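In what follows, a structure is listed as C-alpha cells, so that the remarks can point back to it.
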Amino acid sequence: QVQLVESGGGLVQAGGSLRLSCAASGRAIRNYAMGWFRQAPGKEREFVAAFSLSSGSSTYYVDSVKGRFTISRDNAKNTVALQMNSLKPEDTAVYYCAARRGGSYYSIGAYNYWGQGTQVTVSS
C-alpha cells in the first residue's frame, strides 16, 4: 500500500505560481510511476503530468500546461512535486497525486493509489 498526501494548494492571482507537493509513505515511490491529475467543478478528472514507467526521468504533460508546469521527484525524500507557473483561471481545480505500476500515463484507471487532493484556485 502507498499512502499519498498532497499539500501546497491555495488561492493565487492569474500569472502567479504555486508548488504542490505529494508525500508518499508505505512504499518507495522509486518503484512507481507518479502522476498528477486535476478535477474542476462539474468536470471529469483529467491528466496533468506524469513520469514514464519505463524511464524514471521521462515526463509527459497535457498540452494546456506544457511550458508552465514541471513535475519532479525526490526519491530520497519519497516526494513528488508539481511546480505551476503562469497560472490561469482555467487551472482552478482539485489536484491529485497518484501512483501506478503499469498502464498508460494518462489513464486514470492505470493508477493504483491516490491522494485526497489539494485545492488550487486562480483568480482573474
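This chain uses plain numbering: 1 for the first residue, then up along the sequence. Given the structure is predicted, the values throughout are model-derived calculations rather than measurements.
- Using a 4.5 Å heavy-atom cutoff, the side chains of Gln116 and Glu6 are in contact.
- Using a 4.5 Å heavy-atom threshold, the side chains of Asp91 and Arg38 count as touching.
- In terms of heavy-atom proximity, Tyr96 sits nearest to Gly115 at CD2-O, 3.6 Å.
- Between atom CD of residue Gln119 and atom CG of residue Leu11 there is a gap of 9.5 Å, rounded to the nearest 0.5 Å.
- The closest side-chain heavy-atom distance from Leu4 to Met34 is below 4.5 Å.
- The two residues Ser86 and Ser17 have their closest heavy-atom pair at N-OG, 4.3 Å.
- One finds the OG1 atom of Thr118 at 8.5 Å from the CG atom of Leu18 (value rounded to the nearest 0.5 Å).
- One finds the OG atom of Ser64 at 8.0 Å from the NZ atom of Lys88 (value rounded to the nearest 0.5 Å).
- Proximity of Val65 to Val48: side-chain heavy atoms (C-beta onward) are separated by under 4.5 Å at one or more points.
- Using a distance-only test at 3.5 Å, with no hydrogens or angles considered, no donor-acceptor pair links the side chain of Thr121 to the main chain of Thr92.
- Checked against a 6.0 Å centroid threshold, the rings of Phe47 and Tyr105 count as neighbours.
- The aromatic rings of Tyr95 and Phe69 are tilted relative to each other, their planes meeting at an angle between 30° and 60°.
- Around OH of Tyr106, the count of heavy atoms belonging to other residues, nucleotides or ligands within 6.0 Å does not exceed 12.
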| Derivation of the side-chain contact (heavy atoms from CB on, under 4.5 Å) call for Arg27 and Gln1 | CA-CA 7 Å; Arg27 297 282 177 88; Gln1 292 284 345; 5.9 Å; no

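- Between Pro89 and Ala14 the shortest heavy-atom distance is CD-CB, 4.1 Å.
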| request: Kindly indicate, with the supporting measurements, whether the criterion side-chain contact (heavy atoms from CB on, under 4.5 Å) is fulfilled by Ile71 and Tyr61. | output: CA-CA 9 Å; Ile71 187 173; Tyr61 298 91; 3.4 Å; yes

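- Once rounded to the nearest 0.5 Å, the distance linking CD1 of Ile108 with CZ of Arg100 reads 13.0 Å.
- Summarising the geometry of Ala33 relative to Ser52, their closest heavy-atom pair is CB-O, 4.0 Å, with the distance given to 0.1 Å.
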| said: side-chain contact (heavy atoms from CB on, under 4.5 Å) for Tyr113 and Ile29? Distances and angles first, verdict last. | reply: CA-CA 11 Å; Tyr113 304 101; Ile29 62 167; over 6 Å; no

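- Tested against Tyr111 for a ring-ring contact (aromatic ring centres under 6.0 Å, His included), the candidates Tyr32, Phe37, Trp36 yield a single pass: Phe37.
- Residues Arg101 and Asn112 share a closest heavy-atom pair of N-OD1, 3.2 Å.
- Put simply, CD on Gln83 and OG on Ser21 are 11.0 Å apart, with the number rounded to the nearest 0.5 Å.
- Rounded to the nearest 0.5 angstrom, Ser124 OG and Gln13 CD are separated by 9.5 Å.
- Between the side chain of Asn78 and the main chain of Ala24, a donor-acceptor pair closer than 3.5 Å is present.
- Scanning all heavy atoms of the two residues, the minimum distance from Leu82 to Ala49 falls at CD1-CB, 4.1 Å.
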